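This report refers to the structure that appears directly beneath it.
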Amino acid sequence: MNPADTPLIDVAAARAILEANDRDGHTVPTDGLYPFQWSWDSAITALGWQTFDEDRAWREAEIMFAGQWDNGMLPHILFHGNAESYFPGPDVWGSGTRIPSSAISQPAIWATTLRMMLDRASDRELAESRLGPLVPKLVDYHRWWYRERDPEGTGLIVSYHPWESGMDNSPAWDKPLAAVPEVDWSYERRDLGHVDSDQRPHKPEYDRYLYLVDFYKRHGFDSQVIYDECPYRVIDVALVALLHRASMDLIELCRQFGVSDGLEDIEAAVNRTRTAIGSLWSEEHACFLSQDTKTNTALDVITTATILPLFADLATDEQARRMHDLIGEWLDASTVGLASTHPASPLFEAKRYWRGPIWLHINWMLALGAAATGRPDLSERLRDDARRCVNEAGFFEYFDPVAVAGCGGDRFSWTAAVALYWLATPCRRPSDTSSDSSRLIDDSQR
Ligand code: DGY
């Protein structure tokens with residue numbers, strides 16, 4: 001076989017994972033540990049489906065948006081079917097929606113991934129017919145974020161739960177979460193039946209996660225009361241950046257599909273964020289820091305969230321240059337990168353959920369951000385490391401960046417999806433003899 005034809009990852013195995021995790025049109029992140037539809041998992045997974053079944057990819061999005069709340073919110077979990085195997089299930093959330101769901105959202109990446117799917121579609125007619133009806137729903141979703149989570153129009157949305165960040169157990173949340181009371185009722189965690197406890201959050205954190213879930217329910221999901229009184233209220237730089245990037249993508253989708261209702265709100269919000277993001281920049285840390293708005297303090301832990309503004313075109317040239325340098329030495333600090341928490345941090349833990357392991361979908365976004373800001377070499381390094389994780393450890397939920405070992409759930413949908421759309425193809429060079437890395441052409445980066 002010609003070396004150029006050698007598969008860079010096991011494509012058949014990755015497809016088989018998506019097929020095995022398919023549940024009548026939506027994909028569970030992994031069997032057992034996460035038995036329902038999670039919003040940002042689903043958005044990433046749809047891109048993977050698109051590489052071999054375009055109809056199925058659009059279906060993933062349609063099922064997710066069928067669970068959108070009347071106020072525009074897209075819940076972070078849709079509980080399709082019997083929820084007894086998962087905790088906390090719909091009874092604990094108490095949202096009482098038609099499709100049972102959680103009562104918080106997750107990083108707003110849908111407009112970004114759906115726009116990519118449109119650009120990559122081989123069946124353009126199918127893509128337009130399936131995406132068209134979703135565009136007004138995306139507008140409602142983004143308006144919900146800006147209206148409900150930035151009621152004062154600061155340009156920086158807030159989050160009420162670490163789960164909303166998708167980076168649940170990040171050490172950046174330790175201080176604001178410590179201010180949240182613990183629940184005084186007992187419960188049985190189901191996650192520990194699937195994954196070693198040294199790879200999952202500790203009980204005091206779980207007690208606080210549940211206090212917050214209960215808090216929204218006790219206050220009847222009243223936005224104003226939650227904004228004023230929720231004991232956890234954080235400007236999460238990743239949520240801000242990913243929403244901003246998605247809004248830029250959504251504005252383009254609105255133009256293409258002729259949707260004007262609500263567009264002005266999104267455009268105004270994007271301008272506010274562009275003005276406000278600089279207030280999160282830390283000269284000392286060379287990255288953007290999340291903020292606890294209950295105490296007005298910066299959350300000074302270097303995690304992958306702090307550099308995601310690179311993916312959202314939110315950094316000045318000088319800020320981007322400093323973040324490139326940071327990424328370079330961060331990559332050098334572990335066997336493979338990019339660790340979700342900088343290994344030099346005293347809070348770094350190589351195996352524990354969001355406290356150090358590598359997540360491939362985040363590294364993909366950072367690779368796109370590095371390439372877009374003039375560093376295709378960093379982008380390629382991130383991709384080579386991601387390939388190494390999959391090829392040496394398998395399609396795990398996350399990876400120990402020191403031991404290059406798989407952690408969390410196995411046969412994980414978003415890892416398989418990222419492998420299919422990002423890792424399966426090599427970069428092409430404009431000419432075989434070129435050694436200029438800035439001229440690498442990466443089909444998956446469009
Ligand atoms: C979990 O159950 O750990 C999830 O991350 C919550 O979204």
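Read the numbers this way: they start at 1 and go in the same order the structure lists the ligands and their atoms. Just so it is clear, the model here is predicted, and its values are computed rather than measured.
Taking the ring centroids of H361 and W40, they lie under the 6.0 Å cut-off. Aromatic pair F65/W110: centroids less than 6.0 angstrom apart. Checked against the 6.0 Å centroid criterion, the rings of H161 and Y209 qualify as a close aromatic pair.
By the 30° and 60° cut-offs, the orientation of the rings of W354 relative to W359 is parallel. Taking the six-membered ring for Trp and thresholds of 30 and 60 degrees, Y141 and W144 have nearly parallel ring planes, at less than 30 degrees apart.
Looking from atom 2 (O) of ligand 1 to the surrounding protein, the closest heavy atom is Y86 OH, 2.5 Å. At the top of the distance list for atom 7 (O) of ligand 1, counting protein heavy atoms only, stands H76 NE2, 2.7 Å. The nearest protein atom to atom 3 (O) of ligand 1, hydrogens excluded, is given as R200 NH2, 2.8 Å; this is a heavy-atom distance. Protein heavy atom closest to atom 4 (C) of ligand 1, with residue, atom name and distance, is D168 OD2, 3.6 Å.
Applying the 4.0 Å criterion to heavy atoms of Y353 picks out, from ligand 1, the atoms 5 (O).
By the criterion of a heavy-atom distance under 4.0 Å, neither the backbone nor the side chain of W354 is placed next to ligand 1.
No N or O atom of W163 sits closer than 3.5 Å to an N or O atom of ligand 1.
Put simply, part of Y34 is less than 4.0 Å from ligand 1, judged by heavy atoms.
In summary, of the residues considered (Y86, F412, W414), a ring-ring contact (aromatic ring centres under 6.0 Å, His included) with W38 occurs for Y86 alone.
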